[in-house]
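Counting starts at 1 for both ligands and their atoms, following the listed order.
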Amino acid sequence: MNRMNTILTQELLLSLTSDTPSISPKFFYDDIGSHLFDVITLLEEYYPTRTEKWIMDNYQREIAAAVAHCDVLVDLGAGNCMKASRLFDSIKPKQYRALDISKEYLKTAVADLQKQFPNIKMSAHAIDLSLPLAFPDIEALHKVFFYPGSSIGNFDPDKADQFFINLANECHGKGGLLIGVDLVKDVEVLHHAYNDPLGVTAAFNLNILLNVNRITGSNFQLQDWEHYAFFNAAQSRIEMHLRARSDVQVMLPSNGGKDHPLSFSKGDLIHTENSYKYTQEDFVEKLQRAGFGNVRCWTDPNEYFLVCFANVQ
Ligand code: AVJ
């Protein structure tokens with residue numbers, strides 16, 4: 001087993017044997033998972049991607065005017081790099097730095113993009129955003145962090161606060177943050193976005209087990225699990241879980257070669273994702289608390305989604 005997988009196996013062993021078993025949502029994004037997510041963004045029920053695109057397109061000039069200056073566009077969840085590339089003509093970054101958890105997928109996307117925009121210096125970095133990022137080579141430059149798609153929704157609110165504080169520090173007094181976040185709305189709309197009738201979100205959720213099997217050598221069987229997603233209003237978040245369809249035994253090989261047995265009873269849950277939804281007011285306040293200011297906001301007519309640009313103060 002390679003070093004990275006050894007570390008990830010250790011992390012998974014801990015989270016799966018806790019009182020409330022969980023798998024971090026970062027494990028969704030293997031090759032199949034990244035493609036399934038792309039399909040989710042095409043679904044009628046999944047409004048966030050399409051709505052964010054509408055806001056970015058509709059207010060492109062205002063957004064570019066707010067950003068004003070950008071030496072380096074740092075894309076914090078680049079995926080297929082489509083969202084950032086649509087900003088290139090208006091924001092005109094000199095450099096584009098694409099970060100994502102899924103390395104192979106990212107490298108291909110950046111290589112394709114570089115051909116279309118030969119004058120922008122591009123690089124791809126496989127990173128885990130739960131760890132601190134440090135780019136000493138671009139410290140002096142005017143950076144704009146780009147964090148679209150409501151990826152911030154995966155962080156618990158206090159972790160999001162810390163993340164924003166880190167980003168504000170990384171700005172070194174210049175630049176800012178362009179971010180998209182999903183807003184609180186009618187529960188039915190939220191529910192359907194994570195329970196699509198085609199079952200793509202269910203497949204996306206179940207695929208996490210295949211990735212865990214690949215990384216750790218465990219033997220999760222997909223037919224033993226079902227997709228379960230609901231809006232937790234008290235916490236203002238969609239929760240995704242995998243629910244055991246019967247009593248299930250799983251073997252998780254641990255690093256020493258010793259197998260670690262996991263048992264689940266019918267109905268037991270593995271928590272795979274939280275997707276927090278904010279109000280505009282709370283979100284702006286959050287940015288301000290972290291050291292951002294002059295927050296400008298754009299939304300869609302339904303107020304389903306919010307795009308903000310904030311300067312570091
Ligand atoms: C990529 C974290 C923004 O929370 O809506 C989509 C992931 N999960 N459908 C989200 C997701 C299920 C998505 N984020």
Side-chain angles (χ1 to χ4, degrees), residues 22-56 75-84 98-102 105-106 109 127-130 146-157 159-160 163 178-211 225-232 235-243 269-278 283 300 304-308:
S22 66
I23 300 172
S24 161
K26 72 183 179 192
F27 292 105
F28 281 133
Y29 302 97
D30 63 356
D31 198 33
I32 290 180
S34 298
H35 283 94
L36 284 172
F37 181 70
D38 284 347
V39 178
I40 288 176
T41 67
L42 302 174
L43 297 171
E44 184 60 37
E45 295 78 16
Y46 193 76
Y47 59 84
T49 313
R50 156 169 40 87
T51 309
E52 183 180 53
K53 181 179 185 300
W54 183 89
I55 298 168
M56 296 269 191
D75 191 340
L76 297 170
N80 60 18
C81 305
M82 275 292 290
K83 292 177 182 178
L99 280 50
D100 206 283
I101 192 89
S102 171
Y105 192 81
L106 183 67
I127 51 115
D128 181 345
L129 283 187
S130 56
F146 182 48
Y147 203 33
S150 203
S151 297
I152 193 67
N154 276 163
F155 287 88
D156 285 340
K159 287 273 162 46
F163 180 70
L178 180 60
I179 185 164
V181 66
D182 200 11
L183 295 173
V184 177
K185 62 184 61 64
D186 185 80
V187 183
E188 285 294 301
V189 175
L190 286 169
H191 185 84
H192 286 116
Y194 294 84
N195 289 280
D196 66 277
L198 195 53
V200 185
T201 308
F204 174 74
N205 197 10
L206 284 162
N207 177 66
I208 207 169
L209 295 178
L210 295 184
N211 194 23
W225 300 89
E226 63 191 1
H227 172 65
Y228 175 46
F230 64 93
F231 186 61
N232 177 337
Q235 308 257 36
S236 196
R237 69 190 192 199
I238 286 281
E239 292 185 15
M240 292 218 310
H241 301 263
L242 290 163
R243 184 165 53 202
L269 301 178
I270 300 177
H271 193 169
T272 52
E273 183 168 49
N274 287 324
S275 183
Y276 284 88
K277 312 302 172 189
Y278 289 94
F283 196 71
D300 54 292
Y304 275 7
F305 202 90
L306 181 70
V307 172
C308 299

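Proximity of a side-chain donor or acceptor of Asn205 to a complementary backbone N or O of His227 within less than 3.5 Å is not detected.
Side-chain contact check for Phe28 versus Glu273: some heavy-atom pair is nearer than 4.5 Å.
Counting heavy atoms of neighbouring residues, nucleotides and ligands inside a 6.0 Å radius, atom CD of Glu44 does not exceed 12 of them.
There is a side-chain donor-acceptor pair under 3.5 Å between Asp196 and Thr201. A donor atom on one side chain and an acceptor atom on the other are not found under 3.5 Å apart for Asn274 and Glu239. If you check the side chains of Ser275 and Tyr194, you find a donor sitting under 3.5 Å from an acceptor.
A heavy-atom cutoff of 4.0 Å around ligand 1 is satisfied by the protein residues Tyr29, Phe37, Ile40, Tyr46, Gly149, Ser150, Ser151, Asn154, Tyr194, Thr201, Phe204, Met240, Glu273, Ser275.
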